[in-house]
Amino acid sequence: PAIGETIVWRTTTTHPQQQPQPQDPPRIVWTRQSHGEDVSTAYRVERFGPRDLWYQQYDENGGGGDDNGERQRRTMPTYHAETLWGNTFIQALKVGLASYHFISPPPPTSTTTTTTTTTMERGTSAYHAYISYEHPRCGEWPPLDDGSPIPSRVPFRNIQWDPTRRLFQGCILWEEDYGTRWQGASKWIYTIQFDTDFMCIVSGTVQTVLPSTRSSLGHRPEEEEDGTTVQDMSTFGDTLVYINAAITEQFTEFMNDDPSSTTTV
């Protein structure tokens, strides 16, 4: 299989004391993360709970090494207070449940621009970010419109990053990247505003691009030249609540210790 593709085994053997369940047999799901010598991700055994049991193999020494033989350690999400890059943002306290991963910061020798906003068009690699759908709960969501499963990692394209305003913009190109749409949308357009310490997403929107005939959400439709309609789908800080994955313990302790807090994620 290619990177991101999945193999699913449906088991038929049950414990001698258990009754067979032919309509809903247990499944084993395997997703290719890399191939060849380009091993860019390492995994460890991790339990997503309390009821979601999901394990991944992890190499404590990391995957791959540099010319000096040193290996890059990639463990749990780490916190970076001075920059967006290197951080992971999650909803519902779960990595992989449509979590946002911002990786591969631009090298110091990259070309600078005359403005504070840097744009990386599709195909360049100075900025790299993606949405992870690797959590098992994503399997409960609808498949792509052609029936194929949601890809485990969906890259942001056409990234724009303004470090002064801490404003990220990017697109998810469903139709262009995967040859199909998701729930009628050919593209999602993201505008994300981060707080000063990159601990959470404070505001922003997700817009969906739909055919004009699918314009039924009633959220400020904007007609495009190609006949599609851009509509507001979600709002950060309202329908979408995301925090930095590296501060989940502190966040949970705060929620448990503060009796006046009624917010849920």
Side-chain angles (χ1 to χ4, degrees), residues 2-6 31-43 56 58-59 62-66 70-91 95-113 115-135 138 150-178 182 187-194 198-201 204 206 236 240 242-246:
I3 294 177
E5 292 186 348
T6 298
T31 302
R32 181 180 290 278
Q33 302 290 345
S34 61
H35 65 78
E37 298 180 356
D38 182 20
V39 182
S40 58
T41 307
Y43 300 91
Q56 288 185 319
Y58 177 76
D59 177 4
D66 57 22
E70 296 179 355
R71 290 177 177 269
Q72 177 185 13
R73 294 179 66 87
R74 299 190 62 171
T75 57
M76 292 294 288
T78 54
Y79 174 55
H80 304 268
E82 304 298 327
T83 179
L84 169 65
W85 307 101
N87 287 305
T88 298
F89 292 84
I90 60 174
Q91 62 177 340
V95 175
L97 191 67
S99 52
Y100 306 148
H101 300 250
F102 301 93
I103 59 177
S104 301
T109 56
S110 62
T111 302
T112 58
T113 64
T115 64
T116 57
T117 301
T118 302
T119 302
M120 296 298 162
E121 299 297 338
R122 180 179 178 183
T124 62
S125 59
Y127 288 140
H128 182 50
Y130 65 89
I131 304 177
S132 171
Y133 294 103
E134 296 168 280
H135 193 279
C138 295
I150 305 171
S152 59
R153 296 182 180 183
V154 178
F156 281 102
R157 305 295 191 186
N158 306 327
I159 293 174
Q160 297 184 40
W161 170 238
D162 186 338
T164 303
R165 295 190 296 161
R166 303 178 308 283
L167 186 68
F168 173 91
Q169 293 175 291
C171 298
I172 298 297
L173 304 180
W174 292 112
E175 193 161 34
E176 186 172 340
D177 279 342
Y178 300 100
W182 193 20
K187 178 169 67 174
W188 290 347
I189 304 171
Y190 279 78
T191 301
I192 304 176
Q193 176 76 58
F194 297 90
F198 296 100
M199 297 183 69
C200 65
I201 296 175
V206 183
F236 288 101
L240 294 176
Y242 276 76
I243 66 170
N244 195 307

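We number each residue from 1, following the sequence as shown.
Comment: E134 engages R153 in a salt bridge, judged by a side-chain N to carboxylate O separation of less than 4.0 angstrom.
Side-chain rings of F102 and W161 stay apart, their centers remaining 6.0 Å or farther from each other. Less than 6.0 angstrom separates the ring centroid of F156 from the ring centroid of F168. Aromatic ring centres of Y242 and Y100: separated by under 6.0 Å.
Taking CG from L173 and CH2 from W188, the interatomic distance works out to 12.0 Å, rounded to the nearest 0.5 Å. In this structure, the separation between CD1 on I150 and OG1 on T6 is 11.0 Å, given to the nearest 0.5 Å. Remark: I172 CD1 to R157 CZ distance equals 8.5 Å, nearest 0.5 Å. Summarising the geometry, atom CG belonging to L84 is positioned 8.5 Å from atom CD1 belonging to I192; distances are rounded to the nearest 0.5 Å. Atoms OG and OH, on S99 and Y130 in that order, are 7.0 Å from each other to the nearest 0.5 Å.
S152 and T31 are not linked by any side-chain donor-acceptor pair at a separation below 3.5 angstrom, with hydrogens and angles left out of the test.
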Please determine whether side-chain contact (heavy atoms from CB on, under 4.5 Å) holds for the pair L240 and Q91, giving the CA-CA distance in whole Å, both sets of side-chain angles, and the decisive distance to 0.1 Å.
CA-CA 8 Å; L240 294 176; Q91 62 177 340; 4.3 Å; yes

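Take H80 and apply the ring-ring contact (aromatic ring centres under 6.0 Å, His included) test, not counting sequence neighbours, and it matches no residue.
With H101 as the fixed residue, the side chain to side chain contact (heavy atoms under 4.5 Å, CB included) test singles out one of N87, I90, V95: V95.
Side chain of R166 to main chain of F194: a donor-acceptor pair is present (N/O by atom type, distance under 3.5 Å, no hydrogens or angles). Side-chain atoms of Q160 do not come within 3.5 Å of backbone N or O of L167 as any donor-acceptor pair.
Nearest heavy-atom pair, C138 versus A98, reported as atom, atom and distance to 0.1 Å: SG-N, 4.2 Å. Here the closest non-hydrogen pair linking W85 and I103 is CE3-O, 3.5 Å.
Residues N244 and T88 form no side-chain contact, since every pair of their non-hydrogen atoms from C-beta on lies 4.5 Å or further apart. Between F89 and I243, the closest side-chain pair of non-hydrogen atoms is not below 4.5 Å. Y178 is listed as a side-chain neighbour of P151, based on a closest heavy-atom distance under 4.5 Å.
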